[in-house]
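Following: one structure in structure tokens, then a few remarks.
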Amino acid sequence: MTTAAPPSQDILKPHLAIDGGHSLQGELKVSGAKNSALVLMTASLLTAERLTLHNVPPLTDIDGMENILVSLGVKVHRRSETVELEASHLTSAEPPYDLVNGLRASFFAIGSILARMGYAKVPLPGGCRIGARPVVEHIRGLKALGASVSVEHGVVTAAVPGEGKRLKGASIVLDCPSVGATETILMAATLAEGTSVIENAAQEPEVQDLANLLNAMGARITGAGGPTITIHGVEALHGCEYSVILDRIEAGTFLLAAAITRSRLRVAPVVPEHLNAVLQKLRDCGCELEIDGDGITITPGTIKGVDITTQPFPGFPTDLQAPFMALLATASGTSVITEKIYENRMQHVAELQRMGAAIRIQGSTAIVEGVPSLSAAPVNGTDLRAAAAMVLAGLVARGSSQVSGLNHLDRGYAGIEAKLRACGAVLERHLP
Ligand code: EPU
């Protein structure tokens, strides 16, 4: 095994040491969806009764959301992948900046805090590495529902005018189908007086999951999963037990782990319809896919270049752009990958180049010339999905790579090294 000498500062960072070139076999198990679980947890703020969520992945982002809810007075009990949340006595409508900063999904709680307490004061989540990510649409939606909203000193203050009054149903056309804005407005409108309609709504499965949970809690929502969602407001919601949907992005990452190592693998459990755009691209680049019940078995052939443009669901997900690029870096031929959702989600390119990938960037497009092999290097995952891309590249690169950026990776991939190791990958975590 050849070991690339890491610069001294990289050896000091927590990293995964990955010995590339081993084929994988068996089955990779998919956890509950991070982006769903986070928002479903905030729905607990809408009722005084207990909400029990199953299939919640053990991730640092979930720990972060737990801390935020606890700061508002929610009682949280976690046992394995079950989380019980009881918001019978909320003590605050103001999650603190140091908890909200860095966990964007926590901002979406502004909708449920406002609907339940008539007032909310939530710090702006701020920019992040992949783009500016404004919350203009979330705020516009709350205003349409009758809230008075002001933004000052980096904090959004929203209030329902009039003592003991409720938000009022309204029609809202989103400027862009923002997932978070749709979820924020959905939660707020659930307890509003009258009917609300969200047009140009996000159609992501996580939005549908939130609507399903809210309906199980007594809400009256139709159309989620499509571009128009109708919400008939109700006076109160009740508790329930609910299981979070499966993580389509983790599932996609695992299919790519099989493809990049040219290994036949089963990935389960999955909802194949949540992955249609990704499965299509895998087929286009030469993988055979067999869907059986709740799993997908992938048999990679000779991987050829394909073109990808990221889009809102049901288009190709931005969250798999970096991992798919790692695969295409090893394909035969040229691929053109265009990022349409975030203005700064190409930082993995420089890291892949360090491993020998031949990629040029032109604006928001990456032109990837496949190379016969990647070579191991110390690399940094600059955001969650970039870190996943580095792990994939490390699995196939010649030699031993050190992938840092584990603080990002641990936000979205529960026990990734144990899962990969169980299928034959050779990797271990170093915490210097
Ligand atoms: N946008 C606006 N104005 C707004 C809101 C959004 O221009 O008021 C833009 C954003 O700047 C971005 C695009 O719309 O360019 C999409 O943003 P969206 O609001 O849909 O994203 P989000 O709700 O903040 C969720 C996921 C992201 C995922 C996106 C897109 C959660 C917690 N996060 O973010 O997940 O990339 O939807 O599918 O649900 C990840 O898991 O790695 C991740 C970043």
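Values below: every heavy atom of this structure, side chains too, minus hydrogens, waters and symmetry copies.
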Answer yes when [X] and [Y] have at least one side-chain N-carboxylate O distance shorter than 4.0 Å, and no when they do not.
X: Arg266; Y: Asp294; result: yes
X: Asp410; Y: Arg429; result: yes
X: Asp307; Y: Lys281; result: no
X: Arg79; Y: Glu84; result: yes
X: Glu193; Y: Arg166; result: no
X: Arg345; Y: Glu339; result: no
X: Arg248; Y: Asp319; result: no

So [Y] and [X], do their side chains get closer than 4.5 Å, heavy atoms only?
X: Ser196; Y: Leu145; answer: yes
X: Glu137; Y: Ile185; answer: no
X: Leu327; Y: Cys285; answer: yes

> Do other residues, nucleotides or ligands put more than 12 heavy atoms under 6.0 Å from Gln25 CD?
Replying inline: no
> In terms of side-chain heavy atoms, does Arg262 have a donor or acceptor partner in Thr330 at a distance below 3.5 Å?
Replying inline: yes
> Is a side-chain donor-acceptor pair under 3.5 Å present for Gln280 with Asp284?
Replying inline: yes
>> Assess the residue pair Val207 and Glu183 against the criterion (side chain to side chain contact (heavy atoms under 4.5 Å, CB included)); give the C-alpha distance rounded to whole Å, side-chain angles, the decisive distance to 0.1 Å, and a yes or no.
In response: CA-CA 6 Å; Val207 172; Glu183 294 171 336; 4.0 Å; yes
> Sequence neighbours excluded, which residues qualify as ring pair (Phe, Tyr, Trp, His ring centres under 6.0 Å) partners of His138?
Replying inline: Phe107, Phe108
> Are Thr190 and Leu237 close enough, and set up right, to give a side chain to side chain contact (heavy atoms under 4.5 Å, CB included), and what steps lead you there?
Replying inline: CA-CA 9 Å; Thr190 295; Leu237 295 180; 3.6 Å; yes
> Under the salt bridge (charged side-chain N to carboxylate O under 4.0 Å, His left out) test, which residues partner Lys419, sequence neighbours left out?
Replying inline: Glu250
